[in-house]
Amino acid sequence: MDYLPIFLALKGKTGLVVGGGDVAARKATLLINAGAWVNVVAPGPLAASYDNLSKTDRLIHRREVFRPEHLDDVEVVFAASGDDALDKQVYEAAHARHLPVNVADRPQYCSFIMPSIIDRSPVVVAVSSSGEAPVLSRLLRARLETLIPAAYGRLAALAGRFKTPVRKHFPTTEGRRKFWEKALLSPIAEMVFAGREQEAEHSLTKMLEASDTAIGVGEVYLVGAGPGNPDLLTFRALRLMQQADVVVYDRLVSPPILDMCRRDADRLYVGKERDNHTVPQDEINMILVRLAKEGKRVLRLKGGDPFIFGRGGEEIETLREHGVPFQVVPAVTAAAGVASYAGIPLTHRDHAQALVLVTGHLKDGTMDLDWDMLCRPRQTIVIYMGLKGLVTLCDQMKKHGMPSDTPAAIIQQGTTLNQKIVTGTLDTLPALAADAELKPPALIIVGSVVSLHTKLNWFHPEPAEDDHWRTPLDQPATM
Ligand code: SAH
């Protein structure tokens with residue numbers, strides 16, 4: 001290690017910043033965030049980036065040239081005047097007094113260097129490349145930002161409130177460590193992240209009173225996995241995927257996404273293919289209840305958004321009836337994701353002011369849709385699960401007054417490397433789709449916005465070698 005990371009206690013102390021520009025303002029901001037007072041020494045006016053800081057009563061601007069007396073009664077010194085000779089002079093004066101000093105971009109004039117910071121106070125993560133590759137540490141910081149929930153600080157604060165009672169219950173360090181490990185990995189943490197702090201506090205109290213580490217019922221995370229491309233997952237989805245004990249997923253969840261779940265989590269395939277529901281919905285609902293009652297954190301992972309043609313509502317109704325806690329994580333639904341990746345804006349001032357999402361799922365071979373509502377002008381219609389009924393769809397729309405040259409597209413495996421787009425009109429699409437041998441999942445978009453595809457198409461993937469949507473046939477749906 002070239003540098004020893006330490007965390008300075010600066011609350012109520014004073015820091016000196018020499019310089020009135022943007023870089024100096026960033027240092028002043030950090031000091032103020034750490035609860036310090038700031039003396040800024042700069043003969044000229046301060047840059048606009050100081051504006052917000054100047055409004056606080058924590059910053060004093062001395063319109064003077066730096067003198068060693070400015071170091072009196074300060075705890076830490078930053079120099080970023082932009083004048084090398086002056087910065088060096090600040091360094092030498094501070095160094096002579098053994099004050100910690102940092103000169104921006106001049107490692108040779110630094111007794112300490114500044115890390116990239118992830119602030120989830122009271123949790124603070126500092127990342128440094130020892131000055132070798134600052135951009136790399138910023139990139140690493142960005143990755144950590146995605147892993148550490150915004151509410152992490154609230155979890156730490158909750159743990160802080162329980163510090164004394166836990167110490168009473170568990171006199172040994174080992175006992176306390178075990179308790180906290182279990183508590184912080186239990187659904188209690190997720191309760192805090194989901195804003196249910198009182199419930200978390202209550203559960204923690206109960207766990208403590210039981211003086212053991214037993215956790216009653218688990219929790220179900222109903223998580224949308226988006227339309228297939230792992231880049232489109234939400235941070236929240238990814239976090240829950242990486243901590244669930246068991247993953248219950250269906251056919252639309254692409255293998256690359258499944259691979260991002262916790263390695264040692266049990267996986268249970270309850271896939272659904274049209275007309276061939278592998279596990280009936282009622283049974284899926286009860287599987288979720290059973291697993292949660294075993295105390296497990298259950299990830300119910302669904303393609304797209306769970307509340308859009310995802311039967312997520314039914315699943316959580318059952319959970320509610322059985323008193324199983326749950327939370328829902330929204331996701332990019334196929335219409336939004338697939339349309340974006342196909343360069344088809346779903347609304348556009350010149351084309352469509354309304355958007356209708358419908359399912360084209362055939363029930364007993366027929367399609368029960370409100371055709372008059374669908375066939376109104378100046379709107380875009382997106383049809384989920386419509387591949388099999390494509391001929392009927394196009395026929396009915398024409399029958400209900402839609403011009404037969406209305407642009408229409410069908411997109412298979414949108415957003416993924418295997419995305420395939422066929423465009424045509426209500427007249428031509430069925431034959432074109434048949435020629436292209438499209439297979440599910442495929443989405444149909446009807447409306448004048450489809451004509452924009454030729455101009456706006458931006459995603460040109462090279463097809464992946466293997467089929468990312470293969471059905472995991474070899475995984476039995478029993479546990
Ligand atoms: N809850 C999901 C929809 C489930 S219904 C969501 O919000 O997206 C399943 C249908 O979604 C498929 O038949 C298909 O019409 C559509 N779909 C899902 N992912 C798709 C993709 N990547 N490309 C094309 N269509 C997709």
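Count residues from 1 along the sequence. Whatever order the structure lists ligands and atoms in, that order sets their numbers, starting from 1. A quick note: this is a predicted structure, and the numbers were derived from the prediction, not measured.
- Comparing Ala334, Pro330, Gly226, Ser254 against atom 8 (O) of ligand 1, the shortest heavy-atom distance belongs to Ala334.
- Each of the atoms 6 (C), 7 (O), 8 (O) of ligand 1 lies under 4.0 Å from some heavy atom of Thr333.
- The distance from ligand 1 to the heavy atoms of Gly304 drops below 4.0 Å at these ligand atoms: 2 (C), 6 (C), 7 (O), 8 (O).
- At under 3.5 Å, not a single nitrogen or oxygen of Ile383, backbone or side chain, sits near a nitrogen or oxygen of ligand 1.
- One finds the CG atom of Asp231 at 9.0 Å from the OG1 atom of Thr415 (value rounded to the nearest 0.5 Å).
- Note: Tyr249 and Tyr269 meet the aromatic proximity criterion, with ring centroids under 6.0 Å apart.
- Nearest-residue assignment for atom 12 (C) of ligand 1 (options Ala339, Pro441, Gly310; heavy-atom criterion): Pro441.
- Considering only non-hydrogen atoms, atom 2 (C) of ligand 1 lies nearest to Gly303 out of Gly224, Gly312, Gly303, Ala225.
- For Ala331, no heavy-atom contact with ligand 1 is shorter than 4.0 Å.
- Checked against a 3.5 angstrom limit, the closest N/O atoms of Gly228 and ligand 1 fall outside it.
- Ligand 1 has no N or O atom lying under 3.5 Å from any N or O atom of Leu252, backbone or side chain.
- Taking distance alone, with nitrogen or oxygen atoms compared against 3.5 Å, Gly414 approaches ligand 1 more closely than that limit.
- If you check the side chains of Gln353 and Arg378, you find a donor sitting under 3.5 Å from an acceptor.
- Expressed to the nearest 0.5 Å, how far NZ of Lys302 lies from CD1 of Ile308 amounts to 12.5 Å.
- The atoms of ligand 1 that sit less than 4.0 Å from any heavy atom of Phe309 are 1 (N), 3 (C), 4 (C), 5 (S).
- Distances between N or O atoms of Gly386 and those of ligand 1 include no value under 3.5 Å.
- For Trp180 and Phe162, the ring centers sit 6.0 Å or farther from each other.
- Aromatic ring pairs are classed by plane angle as parallel below 30°, tilted from 30° to 60° and perpendicular above 60°; the pair Tyr341 and Trp458 is tilted.
- Between Pro227 and ligand 1, at least one pair of N/O atoms sits closer than 3.5 Å.
- In terms of N/O distances under 3.5 Å, ligand 1 is not approached by Gln412.
- Within the listing of ligand 1, atoms 15 (O), 16 (C), 24 (C), 25 (N) sit less than 4.0 angstrom from a heavy atom of Leu443.
- At a 4.0 Å heavy-atom cut-off, ligand 1 does not touch Gln419 at all.
- Ligand 1 places these atoms under 4.0 Å from at least one heavy atom of Ile411: 24 (C).
- Residue Asp368 places its CG atom among 12 or fewer non-hydrogen atoms of other residues, nucleotides or ligands, all under 6.0 Å distant.
- With distances taken over non-hydrogen atoms, the option nearest atom 3 (C) of ligand 1 out of Ile308, Thr416, Val253 is Ile308.
- Listed by number with element, the atoms of ligand 1 under 4.0 angstrom from any heavy atom of Val338 are 21 (C), 23 (N), 24 (C).
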